[in-house]
Amino acid sequence: MIHRIFFFLLIVFLPTQLGLHFWPEWSYVLGRRIDFLSSTLFITDILLVGTVMFWLLEYLFMKKSIKGLVLSIWGKSILLNTIYLMLIPLFIYFNILNAASRPVALYSWFKFFEYVLLFMYIIKTKPSIYFLSTGLTVGILYSSIIAIGQFLLQHSLGGIFWFLGERTFTVDTPGIARFPLCLPSFFGCIEFLRSYATFPHPNVLAGYLAVGVPLLLNKQIAKYTNKQINKLNTVRKIAIVLGLLALVLTFSRSAVLVMILFGLFRFMQFFIFDKVKLVNTARPERSRREYRILNTAFMIHTSIFKKAAILFVFLLCVVGLYVLKNFNLAEESLVVRQELMASAWTLFQSSPLFGIGLGNFIVRLPDVLTAHSVYFLQPVHNIYLLLLSEIGIVGIGSLLLFGYIFLNTAISNIKNQKSNIQLKNKKSHHALRITLFVILVLGFVDHYW
């Protein structure tokens, strides 16, 4: 199936930012070109469109109608179809109407529906967690190698990596992200380049790794016995180790903190909860001798892993605490973030129902920022405030309603399945819940999601 190949390549090249940028008049603010407003054709856009297009062609080739596809996605309820076909376009119309730059809003909604198509594709084709993790393994592996290489060399790698979207920079490039490593007094403080890989900022790389690595830790992936698949599992383990190292080298305080919490949780789960669960499998009629055998078997099984896990969690906590030690409420980046949050709230109050227009936050930012802060033309570092200002109460309410209906349907489907399949899905969904949690938490402190 061709669409499966395109989808796999989309997952593999998800970290890349290779694209063709266009700079229409509406991509300028205060005479400056703004990357966030540039209409761009990325390689991932081509792969996404190819995925959906070949899927639809295959669907039609099987003599199925588009009408049947739409009904199978949205349901046959007349009431729901009426809401989808009338109220949502009406809301989008008013949202674009309120926008200071309507071309920006129109382009942003176009991109939104591009990802709606991808969402529909995933819902209908149901790619397996193993299929997804294989593509993620490749992406995390090459991203981590590039990130580690950049940190060791303290500049971009260049060469073929330019075609993956790596930008050209050194540790001395103006505006580049650096981290001060303060050693004992006779060494002083040295500023190190934070790893970018092929991402536009180290924080984005950190977010990608913080979401991808827990997915690769999914127990369902490692159950296969085929030799080729076992080789892939070996590569997966290497990707996990390198991914965690690259995550630390981004020096992203929020992502490192989340991963520390995740590491501690997994540590407690494995050495406390799993042990209790294993011991509890001893039936009441079993002797004390059988109980000791179970306990001894668990300790032998985990002895090597336990030492490695304790060492890793300890090192991650030490590095994480050092990164967090430099947290200063008065530093410039935090002051700017506070100003952006205050601006988002002010913009929301100017148009609370339908918002200021999707994608229009930066366009309207100079209207509410003081003169000395106009330099920081970027979205507010909080996805919830960003959405609230751009799509208003009606838009946020619609998202919450959709989320409730979607999750409620997913839970009902799981409950209706057989017990053995349900147990399998619970294990598989555990990793997905963790990644969703990471996204929702990091969404409070950054905008790239």
Side-chain angles (χ1 to χ4, degrees), residues 1-20 36 39-62 64 66 68-75 84-85 88-89 92 105-140 143 164-165 198-200 204 207-208 211-212 215 358-359 383 386-387 390-391 395 398-399 402-403 405-407 409-410 413 428-429 431-433 435-436 438-440 443 447-449:
M1 294 182 288
I2 300 179
H3 64 86
R4 286 289 190 191
I5 298 175
F6 272 85
F7 181 70
F8 179 78
L9 292 175
L10 175 62
I11 300 300
V12 168
F13 290 104
L14 195 61
T16 63
Q17 58 172 340
L18 179 64
L20 178 62
F36 298 105
S39 52
T40 309
L41 178 64
F42 289 102
I43 187 67
T44 47
D45 290 321
I46 297 174
L47 294 173
L48 192 158
V49 172
T51 300
V52 176
M53 182 183 68
F54 282 108
W55 170 56
L56 290 176
L57 289 176
E58 180 181 298
Y59 191 90
L60 294 176
F61 182 75
M62 295 171 63
K64 296 181 179 180
I66 292 294
L69 175 63
V70 173
L71 290 177
S72 67
I73 294 174
W74 298 112
Y84 293 140
L85 296 176
I88 292 179
I92 294 175
L106 188 63
Y107 176 73
S108 299
W109 280 112
F110 172 79
K111 296 295 293 183
F112 170 79
F113 282 108
E114 178 185 352
Y115 293 111
V116 167
L117 291 176
L118 179 62
F119 178 78
M120 291 180 180
Y121 170 82
I122 294 173
I123 289 295
K124 295 304 296 180
T125 60
K126 298 179 178 62
S128 67
I129 187 68
Y130 181 78
F131 182 81
L132 174 65
S133 65
T134 303
L136 275 176
T137 297
V138 179
I140 290 176
S143 295
L164 294 178
T198 56
F199 288 88
V204 190
Y208 171 75
V211 165
L215 272 178
L358 192 63
I383 60 175
L386 183 61
L387 281 173
E390 291 190 345
I391 62 177
S398 301
L399 280 178
F402 173 77
I405 295 174
F406 177 73
L407 291 176
T409 303
N413 289 338
S428 179
H429 291 163
L432 298 178
R433 286 196 295 269
T435 57
L436 179 60
V438 170
I439 291 174
L440 295 178
H447 61 80
Y448 55 83
W449 297 112

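Residue indices begin at 1 and follow the sequence shown.
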* Search all heavy atoms of Gly135 against all heavy atoms of Ile11 and return the closest pair with its distance. => C-CG2, 3.6 Å
* So, do Phe7 and Leu118 sit near enough that their side-chain heavy atoms are less than 4.5 Å apart? -> yes
* At their closest point, which heavy atom of Glu114 faces which heavy atom of Leu48, and how far apart are they? -> O-CD2, 3.6 Å
* Structure fact -> Heavy-atom nearest pair, Asp45 first then Lys111, reads OD1-NZ, 2.9 Å
* To do: Step by step, work out the side-chain contact (heavy atoms from CB on, under 4.5 Å) result for Arg4 and Thr125.
  => CA-CA 9 Å; Arg4 286 289 190 191; Thr125 60; 4.0 Å; yes
* Asked: What distance separates Ile383 CD1 from Leu440 CG, expressed to the nearest 0.5 Å?
  -> 6.5 Å
* Asked: How about Leu57 and Ile2: do any of their side-chain heavy atoms sit closer than 4.5 Å?
  -> no
* Can you find a pair of side-chain heavy atoms, one from Ile88 and one from Phe402, that are under 4.5 Å apart? -> no
* To do: Output the distance between atom CG (Leu136) and atom CG (Leu14), rounded to the nearest 0.5 Å.
  => 7.5 Å
* Identify the heavy atoms of Phe36 and His447 that sit nearest to each other, and give their distance. => CE2-CE1, 3.6 Å
* **Any Thr198 side-chain heavy atom under 4.5 Å of Pro15 side chain** => yes
* Closest heavy-atom contact between Gly359 and Glu390? -> N-OE1, 3.0 Å
* **Qualifying residue, where the test is ring pair (Phe, Tyr, Trp, His ring centres under 6.0 Å) with His3 and the options are Tyr59, Phe8, Tyr121** => Tyr121
* Is the closest side-chain heavy-atom distance between Leu164 and Phe13 below 4.5 Å? -> yes
* Side-chain contact, heavy-atom cut-off 4.5 Å: Ile92 with Phe113? -> yes
* Can you name the closest pair of heavy atoms from Tyr208 and Ile140 and give their distance? -> OH-N, 3.5 Å
* Rounded distance (nearest 0.5 Å) linking atom CG of Leu10 with atom CD1 of Ile46 -> 11.5 Å
* Structure fact -> CD1 (Ile43) and CG (Leu20) are apart, to the nearest 0.5 Å, by 11.0 Å
* Roughly how far apart are Trp55 CH2 and Ile122 CD1, rounded to 0.5 Å? -> 10.5 Å
* Nearest-0.5 Å distance that lies between atom CG in Leu47 and atom OG1 in Thr16 -> 8.0 Å
